[in-house]
Amino acid sequence: MTDGQPPTVLKLAEGLRDDEIHLWTIPHDHTAGRAPLRQLLGRYLGYAAEQVVLTDSAHGRPELAGPHREALRFNWSHSGGRALVAIARHVQPGIDLEHRQRRGARDVLALAQRFFAPQEVQTLCALPAADRAPAFLRLWTLKEALLKAEGRGLAYGLHRVVVELGEAAPVLREFGDESLASWQLQELSLEPGWVSAIAWHGPPMQLRWRGESG
């Protein structure tokens, strides 16, 4: 216990091992901004949400500022009233979340031709029409997770990140000038209606779901 905080406050950070990434679900209301994220990070750091200072990287990724800058590495994504947060100690996670209904009605082939690599467009074209929107969302989340982990925005070019939807797991085929062997990429299992992925640069890590915060 420190500074009058209840003893449960510090247990979150104490339980985060060097070889783990913690995953949390957070209810997300756009009017609250980053307050729920600050609240969760505060539970790791042992501080009130108001004491957690965030800054933005060059491409808008939130990061801790001030004396806690190097304490944790994290990323979050929100869609349809829900958010996912990934928290680690020594690797920078990138996470992306999409609600299927958000893009299901769009012309996914037109979007793919605009943003994706030619081989990914070919993959989508070869699928039955009913399977294209789900496959498009899977590719989108995988690509965004990689870009967020690397610290780049969409302006980098989604076509420069080439992912194959393998039978057992996604396979990273191209990522600009990056060494592919040093990247980890996984899809996350959520209930029907949601698609999510996580990526990080570094050794394999244990993904540990911690439930819902807030």
Side-chain angles (χ1 to χ4, degrees), residues 5 9-18 20-99 102 140-158 161 175-176 178 183-188 190 194-202 205 207-214:
Q5 296 281 0
V9 170
L10 297 180
K11 287 185 178 179
L12 293 182
E14 292 169 354
L16 177 61
R17 302 199 315 253
D18 290 348
E20 286 184 334
I21 299 176
H22 284 185
L23 299 171
W24 291 87
T25 300
I26 296 179
H28 182 261
D29 180 347
H30 71 278
T31 62
R34 292 175 174 175
L37 177 62
R38 286 190 173 92
Q39 183 179 28
L40 178 58
L41 293 173
R43 294 176 62 193
Y44 276 83
L45 298 169
Y47 286 89
E50 295 76 14
Q51 296 174 283
V52 177
V53 181
L54 299 179
T55 187
D56 288 341
S57 69
H59 298 286
R61 183 179 67 196
E63 299 175 347
L64 285 168
H68 309 301
R69 183 176 181 83
E70 302 300 326
L72 299 170
R73 300 183 184 184
F74 64 93
N75 197 230
W76 81 325
S77 178
H78 48 83
S79 178
R82 183 179 190 179
L84 284 181
V85 183
I87 301 176
R89 288 192 183 276
H90 303 300
V91 298
Q92 174 60 59
I95 199 165
D96 193 54
L97 172 71
E98 294 284 347
H99 192 275
R102 185 178 177 187
W140 186 281
T141 58
L142 289 160
K143 290 161 160 291
E144 277 230 56
L146 285 159
L147 288 177
K148 292 171 75 175
E150 210 276 336
R152 297 180 182 270
L154 291 178
Y156 177 78
L158 286 172
V161 185
F175 193 3
E178 295 282 333
W183 280 94
Q184 311 293 331
L185 180 63
Q186 294 186 36
E187 292 183 282
L188 299 175
L190 300 174
W194 299 89
V195 181
S196 186
I198 187 171
W200 67 93
H201 183 271
M205 307 286 284
L207 300 182
R208 185 179 174 192
W209 284 95
R210 296 302 310 269
E212 181 165 314
S213 176

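With values rounded to the nearest 0.5 angstrom, D96 atom CG is found 4.0 Å from S77 atom OG. Atoms NE2 and CE, on H22 and M205 in that order, are 9.5 Å from each other to the nearest 0.5 Å. Distance check, rounded to the nearest 0.5 Å: CG of L207 to CD of Q186 gives 4.5 Å. How far CZ of F74 is from CG of L37: 5.5 Å, rounded to the nearest 0.5 Å. Atom OG1 of T141 sits about 11.5 Å away from atom CD1 of I198, to the nearest 0.5 Å. Here the straight-line distance linking atom NE2 of H201 with atom CG of L185 works out to 13.5 Å at 0.5 Å rounding.
Residues meeting the salt bridge (Lys or Arg N to Asp or Glu O under 4.0 Å) test with E20, sequence neighbours left out: R17, R208. Scanning for ring pair (Phe, Tyr, Trp, His ring centres under 6.0 Å) contacts around Y156 gives an empty result, with sequence neighbours left out. Remark: H59 pairs with no residue by the side-chain hydrogen bond (donor to acceptor under 3.5 Å, both in side chains) rule, at least two apart or across chains. In this structure, R73 has no salt bridge (Lys or Arg N to Asp or Glu O under 4.0 Å) partners at least two apart in sequence or on a different chain. The salt bridge (Lys or Arg N to Asp or Glu O under 4.0 Å) test applied to R38 returns no partner, not counting sequence neighbours. Under the ring pair (Phe, Tyr, Trp, His ring centres under 6.0 Å) criterion, W209 pairs with no residue at all, not counting sequence neighbours.
A side-chain donor-acceptor contact under 3.5 Å links Q184 to the backbone of G202. Distance alone, capped at 3.5 Å, places no donor-acceptor pair between the T25 side chain and the L84 backbone. Formation of a donor-acceptor pair under 3.5 Å by the R89 side chain with backbone atoms of A13 is found in this model. Of the possible donor and acceptor atoms, one in the side chain of R61 sits under 3.5 Å from a partner among the backbone N and O of K148.
Here the shortest heavy-atom pairing between A145 and A197 reads CB-O, 3.6 Å. Residues L16 and A88 approach most closely at CD2-C, 3.9 Å, considering heavy atoms.
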Item to complete: Could you walk me through whether I26 and H78 pass side-chain contact (heavy atoms from CB on, under 4.5 Å), step by step?
Response: CA-CA 9 Å; I26 296 179; H78 48 83; over 6 Å; no
Discussion item. Please determine whether side-chain contact (heavy atoms from CB on, under 4.5 Å) holds for the pair V161 and E144, giving the CA-CA distance in whole Å, both sets of side-chain angles, and the decisive distance to 0.1 Å.
Written reply: CA-CA 9 Å; V161 185; E144 277 230 56; over 6 Å; no
Item to complete: Might you work through the side-chain contact (heavy atoms from CB on, under 4.5 Å) test for I87 and L12, ending with a clear yes or no?
Response: CA-CA 10 Å; I87 301 176; L12 293 182; over 6 Å; no
Discussion item. If you apply the rule side-chain contact (heavy atoms from CB on, under 4.5 Å), what do you find for L97 with W76, and how did you get there?
Written reply: CA-CA 9 Å; L97 172 71; W76 81 325; over 6 Å; no
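Using a 4.5 Å cut-off on side-chain heavy atoms (C-beta onward), L64 and V53 make no contact. For the pair H99 and W194, the minimum side-chain heavy-atom distance is below 4.5 Å. L147 places a side-chain heavy atom less than 4.5 Å from the side chain of L154.
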